[in-house]
Amino acid sequence: MSDPAILALQANDPSFDNVWEEIIWRGLVHVSTDESELRELLGGEPITYYCGFDPTAASLHLGNLVQLLLMRRLQLAGHRPLGLVGGSTGLIGDPRPQAERTLQTKDVVAEWVGYIQGQVSRFLSAEGDNAVTLVNNLDWTEKMGVIDFLRDVGKYYRVGTMLKKDAVSARLNSDAGISYTEFSYQVLQGMDFLELYRSYGCVLQTGGSDQWGNLTSGTDLIHRAEGVSVHAIGTPLITNTDGTKFGKSEGNAVWLDPTLTSPYALYQFWLNTDDSDVVARLKVFTFLTRAEIERLAEAVATEPFRREAQRTLAIEVTSLVHGQRATAAAVLAAQALFGQGNLADLDQETLEAALRELPNTTTAPHAPVAQLLVDTGLTASLSEARRAISQGGVYLNNVKVLTDTETIEGAVLPSGVAVLRRGKKTLAGVFVE
RNA sequence: GGCGAGUUACCCAAGUGGCCAAAGGGAUCUGACUGUAAAUCAGACGGCGUAGCCUUCGUGAGUUCGAAUCUCGCACUCGCCA
């Protein structure tokens, strides 16, 4: 599944003498167990570590990418990754702050497990002494009976401690409350760590800092059950300086699956990163060295209008996720569509290829523009389309559309295509038959 | 099991019989300014071939000329008591 060509290009920065120092510099550690022990552990002989991904959707998203890349950095330092996909924990659902999760059917979760395993394996090498091993917690929880669960695991858990976890107490203090199902989640995740400790000698779990309660659930359980101290690293929640949520595009999650978020859309997402965020993103989401990132930081400070850091970031991350060919296509599309020149003067083949990267639709020449906005997904309804047009926010081949009854007849380019734009940078392609 | 409080549009949150498609804030979108940036300012923000109609205020029934607002049943949530 993994692309050896991409993985081969990745390396940790040799200017750090320990991967621990590097992940600290990259801002990947928000909380952890004992720091000096971790530094020693990560700088020494190969250890086995794990990170879990619950199948709560058909694809992982950018938030998960942080974890995947942290795993990869540890693997590059010689350690052995276990990629856990939560076939059982995904059936239970970890408590979200706002509300109870809707349970998905077992069939759906099983299907998602397959997709996510595929994605996890893309980012980690399957070769060498420290090849990634994929595990599924359904393998050890499904066959366990309730009585064994309560006797062998439940006894190690104190309800008082469980209630104090942020995820639980936040819900107890909200109108939503919490079901026994979600309350139990932390126990399941603790069991995972214990199981992986026993069968693989796994001594480190990584995850988002919002999972800290679940991470310590495991370290505490292992301490009680085995009398051994193991470790956990919690990565910071990635935030935007302007206060909006990171990883959302028009309110939707940015997915790693190219059918859910196209390579072009992913490229655009990164290209639009704020100046004030771009350096931090380069550290977390690329394998560029400290020296390279420092040079780009300098470029942001001295000539921000060139947006070199954003361009580099966009190319790096898109390549990481979708490979270099898809990235090259996204870059070409962006150049064609955002270039200065007249669209009619463009090489029509390049333009067509660019439009295929965008949301697009095929239509007859007399179709009104308002309808095309809906067909391409640029607006959610005809009302919204008319509103956008009346606000002067819709362009056909870079010419402002004046009335919502206007058709694309006459605007069609020689190759039988037209470029529809909403606002400054939301584009769609129209193919006329 | 008993008592009390609650369920409003993407989120938070006003509204307690007509002036409510529903205040305000956030998010989002558009315009101006720009660097496919941020900040700022302005406008928009249920649907519909658009000054009118349709659907929405947990859910089902009802009262009324008229309900998000009143009554009853049901579901769910929170708190206190048992």
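Protein chains get the first letters and strands the later ones, always in sequence-line order, with residue 1 at the start of each. Being a predicted model, the structure only gives us computed values, none of them experimental.
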Considering only the P atoms, how many Å lie between B:rC80 and B:rU40, rounded to the nearest integer?
-> 42 Å

Does the ring of A:Phe287 carry A:Arg73 above it, NZ/CZ under 6.0 angstrom from centre and within 45° of its axis?
-> yes

Quick one: on RNA chain B, does A:Ala388 or A:Tyr267 contact a more 5' nucleotide (nearest heavy atom)?
-> A:Ala388

Side chain of A:Thr426 only, please: which of B:rG47, B:rG49, B:rU30 is the nearest?
-> B:rU30

Can a side chain N or O of A:Ser381 be found less than 4.0 Å away from OP1 or OP2 on B:rC48?
-> yes

Using modelled atom types only, decide if a donor and an acceptor are shared between the side chain of A:Glu409 and the backbone of A:His366 within a distance under 3.5 Å.
-> no

How far does the P atom of B:rG73 sit from the matching atom of B:rG4, given to the nearest Å?
-> 13 Å

Presence of salt bridge, A:Arg39 and A:Glu21, under 4.0 angstrom = yes

Where along residues 271-284 of chain A does a heavy atom come under 4.0 Å from RNA chain B, residue by residue in number order?
-> A:Leu271, A:Asn272, A:Asp274, A:Asp275

Report all side-chain donor-acceptor pairs from residues 143-158 of chain A shorter than 3.5 Å, counting only partners two or more places apart or in another chain.
unit_1   : atom_1 : unit_2   : atom_2 : d
A:Lys143 : NZ     : A:Asp139 : O      : 3.1
A:Tyr157 : OH     : A:Ser217 : O      : 3.3
A:Tyr157 : OH     : A:Ser217 : OG     : 2.8

If you check the A:Ala334 side chain, which of B:rC33, B:rC48, B:rU36 turns out closest?
-> B:rU36

Strand-adjacent residues in residues 304-312 of chain A, judged by heavy atoms under 4.0 Å from RNA chain B = A:Pro304, A:Phe305, A:Arg307, A:Gln310

For RNA chain B, which residues in residues 356-365 of chain A have a heavy atom at a distance below 4.0 Å?
-> none

With P as the reference atom in both, quote the distance from B:rC3 to B:rC74 in angstrom, rounded to an integer.
-> 13 Å

Of the nucleotides B:rC48, B:rU30, B:rC45, which one has an atom closest to the side chain of A:Arg422?
-> B:rU30

Determine the Euclidean distance between corresponding C1' atoms of B:rA21 and B:rG47; express it in Å to zero decimal places.
-> 10 Å

Tell me, please, which residues at least two apart from A:Pro304 pass side-chain contact (heavy atoms from CB on, under 4.5 Å).
-> A:Asp275

Is the backbone N or O of A:Thr361 less than 3.5 Å from a side-chain atom of A:Thr376, with the two atoms forming a donor-acceptor pair by type?
-> no

Sequence-distant partners of A:Tyr50, ring-ring contact (aromatic ring centres under 6.0 Å, His included), two or more places apart = A:Phe193

Whichever of A:Asp404 and A:Lys425 has the more 5' nearest nucleotide on RNA chain B, that residue is A:Lys425

